[in-house]
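Heads up, the thing below is written out as structure tokens.
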Amino acid sequence: MSAAAKFYIETFGCQMNVHDSEKLEGHLVGHGWCKSADPELSDVIILNTCSVREKAEHKVLSRVGRLHRIRRRNPGLCIVLAGCMAQAWGTRLFDSAVPVDMVLGPGAMVRLPDYYTRFLRNRDPVADTSEPEAIFPLDTRLLPLPRHHFTYLTIMEGCDNYCSYCIVPHVRGRERSKPADQIMMEIGQLVKRGVREITLLGQNVNSYRGCPGGFPELLARIDSIPDLLRIRFTTSHPKDISPALVDAVSCLPRVCEYIHFPAQSGSTPVLTRMNRGYSREDYLEKVALIRDRIPGVALSSDMIVGFPGETDADYDRTISLIRQVRFDNVFAFKYCTRPGTSAAELVDDVPGGVKSDRLSGLIDIQRGISLQINREWIGRTAEVLIDGPDRRGGKLTGRTRQNRIVNLQGECGRGELIPVRIEGASPNCLYGVQV
Ligand code: SAH
Ligand code: SF4
Ligand code: F3S
């Protein structure tokens with residue numbers, strides 16, 4: 001039996017990390033551990049970290065630095081750095097100025113209870129960054145009760161794409177899929193616990209291999225689960241979006257008309273250096289296919305500006321792609337070198353100031369497009385799944401099938417699906433009244 005402890009978790013990074021933290025929480029509670037909302041009153045502080053950009057790592061390092069104060073008051077404290085940054089840095093974290101006791105990669109977090117028992121015996125630092133092989137197990141009974149009617153579920157982990165800028169394949173290991181039968185069982189249990197909307201997670205869900213028909217078959221099976229109202233998924237790699245997937249989104253009533261499929265750049269030479277496996281034209285063909293078969297579909301993208309060798313003309317092509325596609329939303333980032341990736345061998349030659357200008361130029365243009373698209377909703381009625389009162393506790397908030405946030409006046413509860421007449425719009429959300 002391992003030693004039980006009071007633990008506190010803080011999560012950085014993407015939705016998969018958020019879900020991993022929930023799973024870890026359930027796993028530790030299953031071992032008799034007790035969750036605390038206060039790091040000052042905890043035996044173990046876990047930071048589940050992200051390594052995707054330098055900024056993400058700086059955030060973690062400065063957070064660990066600030067934990068010094070707590071350790072001074074509680075010398076028995078165990079600080080665990082878990083997740084992607086732990087995997088990328090390994091034992092180098094013990095040499096850094098930050099006080100860390102354990103370094104556990106995404107595949108090793110599950111062994112925390114045993115490591116903690118060992119740590120209590122000898123107080124030796126622990127590092128486990130063995131290659132992640134399995135998917136972090138999920139015991140739906142032990143998951144924290146969903147705070148909302150929606151939740152995430154990892155259906156596959158790892159990535160085999162090796163985009164030249166990206167650390168994810170280096171920290172999350174090779175692609176592996178959860179069997180479809182297990183996913184069906186898990187979603188069934190989540191729905192019994194009140195979940196009405198599920199977002200299926202994978203670095204590249206289109207290469208899901210957990211059933212013979214792949215991702216489209218999985219979507220069709222999930223679509224038949226009673227009482228589940230909405231299905232979303234992320235992320236789709238543009239090179240792998242198939243007509244079968246597009247048809248699944250188009251025909252399955254619960255699968256929402258929203259596809260996040262990151263272009264990263266609008267310039268073919270840059271896409272080639274990024275090792276993305278498609279050209280600008282290929283991408284636009286996929287957009288045409290999607291728009292043709294899924295009326296009213298919302299599209300969003302990630303974009304990187306300032307990739308090595310990106311000229312003004314390359315950047316202009318990215319902007320022209322954004323104008324041509326008219327994405328509902330774009331998440332844009334300045335390129336930063338990740339050690340160990342193949343792009344780290346290219347010269348990071350776009351000056352910082354130019355990257356910043358390109359980023360803010362892109363964001364301004366996209367805000368204008370998002371506002372136009374949102375204004376087109378005024379006067380129409382949208383189906384909104386209610387999430388609860390808005391942040392100020394006044395009106396209600398929810399999302400449309402196209403994943404747009406709606407702030408509204410109405411009388412209904414969390415998890416209800418209602419028609420809302422849209423009366424106003426900003427770049428980030430819609431305003432409406434329950435019909
Ligand atoms: N699997 C997903 C998400 C990957 S990480 C996908 O393929 O889309 C999320 C986003 O971070 C990426 O889409 C990319 O836009 C951005 N990103 C990844 N590495 C980066 C780097 N080195 N510099 C800047 N942005 C990066
Ligand atoms: Fe990174 Fe590319 Fe894999 Fe996405 S598809 S996780 S960007 S390597
Ligand atoms: Fe996610 Fe960051 Fe890891 S984006 S997969 S937590 S490197």
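All ligand and atom numbering here is 1-based and tracks the order in the structure. Just so it is clear, the values below take in all heavy atoms, side chains as well, and ignore hydrogens, waters and symmetry mates. Residue indices begin at 1 and follow the sequence shown. For clarity, every value in this text was computed on a predicted model and none was experimentally measured.
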Problem - Derivation and outcome, salt bridge (charged side-chain N to carboxylate O under 4.0 Å, His left out), residues K59 and E10 - result: CA-CA 12 Å; K59 246 164 102 181; E10 215 168 281; over 6 Å; no

Practice task
Begin with the C-alpha distance, continue with both residues' side-chain angles, and end with the deciding distance and a verdict on salt bridge (charged side-chain N to carboxylate O under 4.0 Å, His left out) for K6 and D43.
Solution key: CA-CA 5 Å; K6 207 183 252 187; D43 309 309; over 6 Å; no

Exercise for the section: Could you give me the CA-CA distance, side-chain angles and deciding distance for D20 and K23, then say whether salt bridge (charged side-chain N to carboxylate O under 4.0 Å, His left out) is met? Expected result: CA-CA 5 Å; D20 278 355; K23 289 191 279 189; 3.8 Å; yes

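Taking a 4.0 Å cut-off on heavy atoms, N204 fails to register as neighbouring ligand 1. Heavy atoms of R172 come nearer than 4.0 angstrom to ligand 2 in no pair at all. By the 4.0 Å heavy-atom criterion, H260 is excluded from the residues contacting ligand 1. Between Q203 and ligand 3 there is a heavy-atom distance shorter than 4.0 Å. Residue contacts with ligand 1: Q264 is included, with a non-hydrogen atom under 4.0 Å away.
For the residue pair T117/D114, the side-chain donor-acceptor check at 3.5 Å is not satisfied. Side-chain contact check for S130 and D128: at least one donor-acceptor pair (N or O, by modelled atom type) lies under 3.5 Å. Checked by atom type, the side-chain pair T311/D314 shows a donor-acceptor distance below 3.5 Å. Counting only N and O atoms by type, the side chains of S51 and E57 include a donor and acceptor under 3.5 Å apart.
Heavy-atom contacts of V168 reach the following atoms of ligand 2: 6 (S) (cutoff under 4.0 Å). Taking every heavy atom of H237 and a limit of under 4.0 angstrom, the matching atoms of ligand 2 come to 5 (S). Contact atoms of ligand 3 toward N17: 6 (S) (distance under 4.0 Å to a heavy atom of the residue). Which parts of ligand 2 touch Y162 is read off a 4.0 Å heavy-atom cut-off, strictly below it: atoms 8 (S). Per-residue contacts place N161 under 4.0 angstrom from the following atoms of ligand 2 (heavy atoms of the residue considered): 5 (S). Interface atoms of ligand 1 facing D302, defined by a heavy-atom separation under 4.0 Å, are 9 (C), 10 (C), 12 (C), 13 (O), 15 (O). For ligand 3, the atoms lying closer than 4.0 Å to a non-hydrogen atom of V52 are 2 (Fe), 4 (S), 7 (S). Heavy-atom proximity to Y335, at under 4.0 Å, picks out these atoms of ligand 1: 23 (N), 24 (C).
When ring centroids are compared, H260 and F233 stay outside the 6.0 Å threshold.
Contacts between Y165 and ligand 2, counted as non-hydrogen atom pairs separated by less than 4.0 Å, involve the side chain only. Neither the backbone nor the side chain of M85 has a heavy atom within less than 4.0 Å of ligand 3. Looking at R338 against ligand 1, only its side chain comes within 4.0 Å, counting heavy atoms. At a 4.0 Å heavy-atom cut-off, ligand 2 touches P169 through the side chain alone. The proximity of Y165 to ligand 1, defined as any non-hydrogen pair under 4.0 Å, involves the side chain as well as the backbone.
Ion pairing between a basic and an acidic side chain is recognised when a charged N comes within 4.0 Å of a carboxylate O; D316 and R323 show no such pairing.
For the atom pair CD1 (I183) and OH (Y208), the distance works out to 3.5 Å, reported to the nearest 0.5 Å.
Protein heavy atom nearest atom 1 (Fe) of ligand 2, with residue, atom name and distance: C166 SG, 2.3 Å. With respect to atom 3 (Fe) of ligand 2, the closest heavy atom belonging to the protein is C159 SG, 2.3 Å. P262 CG, 3.1 Å is the protein heavy atom nearest to atom 8 (O) of ligand 1. Nearest non-hydrogen protein atom to atom 6 (C) of ligand 1 is T235 CG2, 3.7 Å. Counting only heavy atoms of the protein, atom 7 (S) of ligand 3 lies nearest to S51 N, 3.3 Å. Counting protein heavy atoms only, atom 1 (Fe) of ligand 3 is closest to C14 SG, 2.3 Å. Protein heavy atom in closest approach to atom 16 (C) of ligand 1: R53 NH1, 3.2 Å. The protein non-hydrogen atom at the shortest distance from atom 5 (S) of ligand 1 is V52 CG2, 3.7 Å. With respect to atom 24 (C) of ligand 1, the closest heavy atom belonging to the protein is K334 O, 3.3 Å. Protein heavy atom nearest atom 3 (Fe) of ligand 3, with residue, atom name and distance: C84 SG, 2.3 Å. Closest protein heavy atom to atom 2 (Fe) of ligand 2: C163 SG, 2.2 Å. Ranking the protein heavy atoms by distance from atom 2 (Fe) of ligand 3 puts C50 SG, 2.4 Å first.
Seen from the ring of F307, R273 does not count as a face-on cation partner, given the 6.0 Å and 45° thresholds.
Polar contact check, C336 against ligand 1: a nitrogen or oxygen pair lies under 3.5 Å apart. An N or O contact shorter than 3.5 Å links Q203 to ligand 1 by distance.
Minimum interatomic distance between S164 and N275 (heavy atoms only, all atoms of both residues): N-CB, 4.0 Å. S177 approaches S207 most closely through the heavy-atom pair OG-O, 4.4 Å. Residues V350 and R358 come closest through the heavy atom pair CG1-NH1, 3.8 Å.
When the options R172, Q87, R338 are ranked by their closest heavy atom to atom 5 (S) of ligand 3, first place goes to R172.
Using cut-offs of 30° and 60° on the angle between ring planes, the pair Y283 and Y278 is tilted.
Side-chain contact between I304 and M274: present, with at least one pair of heavy atoms (C-beta onward) separated by less than 4.5 Å. D387 places none of its side-chain heavy atoms less than 4.5 Å from the side chain of R399. When side chains are defined from C-beta on, V246 counts as touching I241, because their heavy atoms get closer than 4.5 Å. Looking at Q264 and P238, their side chains never come closer than 4.5 Å, going by heavy atoms from C-beta outward.
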